Amino acid sequence: GKVVVVFANTSPASCAFLKDLGRFVFKIFAAQELTEELFEACYALNEANMKQMYIDAGWGWQREDKRTEMKDPRMYYLTVFAEEESSLEVVQNAGVGAEAGAGAG
């Protein structure tokens with residue numbers, strides 16, 4: 001199925017496209033079961049939504065520490081796939097998390 005990763009900070013109006021995607025399948029993966037592509041999508045979502053909050057809280061954003069934490073065997077991921085699709089597609093609102101890959105550190 002097609003995984004649909006929607007950034008949590010998007011407005012309900014910007015998620016209207018979800019109605020057109022059809023039925024969804026929810027899957028739970030242990031961290032070690034994620035493909036590299038799916039892990040990268042989960043990491044990008046986490047970074048886009050949490051990085052600035054970590055920085056604002058004074059903790060800083062430690063990219064490699066967060067990646068290690070997210071691969072912990074005790075970590076599980078709830079994912080959503082479009083039922084009729086077969087390829088991974090990360091769906092995001094334009095501009096949200098645009099700098100997700102920049103300035104990691």
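All values derive from a computational prediction rather than experimental measurement.
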Problem set entry | Over all atoms of both residues, closest heavy-atom pair of Cys42 and Tyr77 | SG-CD2, 3.8 Å

Seminar exercise, completed: One should read off an interatomic distance between Glu33 CD and Tyr76 OH, to the nearest 0.5 angstrom, of 7.0 Å

For this session: With sequence neighbours excluded, tell me which residues meet salt bridge (Lys or Arg N to Asp or Glu O under 4.0 Å) with Glu69.
Result: Lys66

For this session: State, with a plain yes or no, whether a side-chain heavy atom of Glu40 is found less than 4.5 Å away from one of Arg67.
Result: yes

Problem set entry | Atom pair CZ (Phe39) and NZ (Lys71), whose distance is rounded to the nearest 0.5 Å | 4.5 Å

Seminar exercise, completed: Residues passing the ring pair (Phe, Tyr, Trp, His ring centres under 6.0 Å) test with Tyr54, sequence neighbours excluded, are Trp59, Trp61

For this session: Can you measure from OH (Tyr43) to CG (Leu34) and round to the nearest 0.5 angstrom?
Result: 15.0 Å

For this session: Could you pull out the closest heavy-atom pair between Gln32 and Pro73, with the gap in Å?
Result: OE1-CA, 3.6 Å

For this session: Report the residues that fulfil side-chain hydrogen bond (donor to acceptor under 3.5 Å, both in side chains) with Gln52, sequence neighbours left out, ordered by chain and then residue number.
Result: Asp56

Exercise. Does atom CG of Leu78 have more than 12 heavy-atom neighbours, drawn from other residues, nucleotides or ligands, at distances under 6.0 Å?
Worked result: yes

